[in-house]
Number of protein chains: 2
Amino acid sequence: MKLRKADRTQRLQEVEDRFVDLWDTMSALWGISPTMARIHGVLYITGQALSMDDIMARLAISRGNVSMNLSKLVEWGLVRRVHKRGSRRDYYESLSDVWEMFTLVAQQRKRREIDPILNTLRHCQEMLGELKDDATARERGERIGELLKFLTMMESLARRFFETHQGLKMAVGLLARESE
Amino acid sequence: MKLRKADRTQRLQEVEDRFVDLWDTMSALWGISPTMARIHGVLYITGQALSMDDIMARLAISRGNVSMNLSKLVEWGLVRRVHKRGSRRDYYESLSDVWEMFTLVAQQRKRREIDPILNTLRHCQEMLGELKDDATARERGERIGELLKFLTMMESLARRFFETHQGLKMAVGLLARESE
DNA sequence: CTATGATTTCAGTGCTTCCTGAAAGGAATA
DNA sequence: TATTCCTTTCAGGAAGCACTGAAATCATAG
């Protein structure tokens, strides 16, 4: 053992902080707010069930902020509320399965972002339908058609991808349980 | 012909505006700024080569704004600078191939967002390596390992996807040319 | 080389989004 | 029912990001 206990703890903190910062940076990519990401980062990397006060202290953010973002995380399904016997507080813990987290985020984003786009494009097509003997309108229609074709294709591809993964994951789970 | 010329033009405008608004909404999803998206929206839906003044008028935004966002679009490869003989102005036109656009955006985002994440995670692993006889450190290492495994897997999956598409697209292009 | 037309840059400003902290709301104990 | 502990809500404020417009730069034509 080369390092003293205190030093090890500090090193660990460094890594955890770095990870939380990373999560913060990723937030834009995942389509969630920075703080929501940071909170999830702490919960994921520590793997522990933490209370609101733990999180407030760890990230130096206000109670209200933690409360609102935790409830969003619970809503998204990325974090679960748990209870510790003998304590009145709520504790929160993150999902640990990366695949599951990814799937949840992807589904949310599809529902909130892709679906409305498809609706709008279809509506545009309808509006253009009434002008179909206008050459310019037909050109616009073609471009929108290309997009629709592309998006629906991607969508079905993604659906198949997730279905496959679900199957795969179940199989892996079963094998793991059998080998115990 | 049910509608008069003027009415048709107005209807067309409506559709185009709706499309531009849609692009604006999508911007977050694509990881680009709203105005950048709107400008690209106009160029894509009209399919024409437009000047800066055309775009300023169409979207009611300032010259500086158009200039900066157009140069970003050119940098990304989504828009090309073209010239019209007899005019000193620059004109701009959008790519028309949806797949190509998607690929470009995906590549940019990977480079700007995914790669730095992989680097950070690997760096975290290294830092944890020095603490490998600490039980907590090993737990953290496992969680980061899961993420790395997931991300590299997704990355190679995406790469294969794009390679396949490139092949497919080339084939389609060849066939189209032969049948002329 | 100068004049004219076109584009880029950037400091100042406005807008949106996120965060704080205090007050209200709920739930468990006595 | 009152008390205590904990959580949620929300008005006001702070921070960050994008836009404007005018001045600087660049390019072409005369």
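Here is how names work: the chains are called A, B, and so on, in the same order as the sequence lines, proteins then strands, and each is numbered from 1.
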K.L.:
Quick test of your reading of the model: are Arg38(B) and Asp17(B) salt-bridged, counting only N-O distances below 4.0 Å?
P.N.:
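Judged by the 4.0 Å cut-off on N to carboxylate O distance, Arg38(B) and Asp17(B) do not form a salt bridge.
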K.L.:
With a 4.0 Å cut-off, would you call Arg80(A) and Asp90(A) a salt bridge?
P.N.:
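Salt bridge between Arg80(A) and Asp90(A), a charged N being under 4.0 Å from a carboxylate O: no.
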K.L.:
Expressed in angstrom and rounded to an integer, what is the separation of Ile32(B) atom CD1 from dC17(D) atom C1'?
P.N.:
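Nearest whole value for this atom pair: 16 Å.
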K.L.:
Can you tell me how far P of dC18(C) sits from CZ of Arg38(A), to the nearest Å?
P.N.:
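Result: 14 Å.
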K.L.:
Output yes when a side-chain donor or acceptor of Ser67(B) lies under 3.5 Å from a complementary backbone atom of Arg63(B), and no otherwise.
P.N.:
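Not confirmed, Ser67(B) side chain does not pair with Arg63(B) backbone.
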K.L.:
Measure CG/Asp24(A) against P/dT17(C) and give the value in whole Å, please.
P.N.:
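After rounding, the gap between these two atoms is 18 Å.
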K.L.:
Nearest-Å distance, CG (Asn69(B)) to C1' (dT7(C))?
P.N.:
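Going from Asn69(B) (CG) to dT7(C) (C1'), I get 14 Å.
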K.L.:
Looking only at side chains, do Asp24(B) and Ser27(B) share a donor and an acceptor under 3.5 Å apart?
P.N.:
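Distance-only check fails for Asp24(B) and Ser27(B).
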K.L.:
Using a strict threshold of under 4.0 Å (side-chain N to carboxylate O), is an ion pair present between Glu146(A) and Lys149(A)?
P.N.:
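Glu146(A) and Lys149(A): salt-bridged.
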K.L.:
Starting at atom CZ of Arg85(A), determine the distance to atom C1' of dA28(C), rounded to an integer number of angstrom.
P.N.:
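Those two atoms, CZ and C1', are 17 Å apart.
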K.L.:
Look at the rings of His40(B) and Tyr44(B) and say which category their plane angle falls in: under 30° parallel, 30 to 60° tilted, over 60° perpendicular.
P.N.:
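Parallel, since the angle between the ring planes stays under 30°.
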K.L.:
For nucleotides 6-12 of chain D, which of its nitrogen or oxygen atoms have a protein nitrogen or oxygen under 3.5 Å away, and what is each distance?
P.N.:
from: dC6(D); atom 1: OP1; to: Arg89(A); atom 2: NE; distance (Å): 3.4
from: dT7(D); atom 1: OP1; to: Asp90(A); atom 2: N; distance (Å): 2.9
from: dT8(D); atom 1: OP1; to: Arg81(A); atom 2: NH2; distance (Å): 3.1
from: dT8(D); atom 1: OP2; to: Ser67(A); atom 2: OG; distance (Å): 3.1

K.L.:
How close or far is atom P of dG5(C) from atom NZ of Lys84(B), stated in whole angstroms?
P.N.:
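Rounding to the nearest Å, NZ of Lys84(B) and P of dG5(C) are 19 Å apart.
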K.L.:
How long is the line joining CD1 of Ile61(B) and P of dT20(D), in whole Å?
P.N.:
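My rounded result for the distance is 7 Å.
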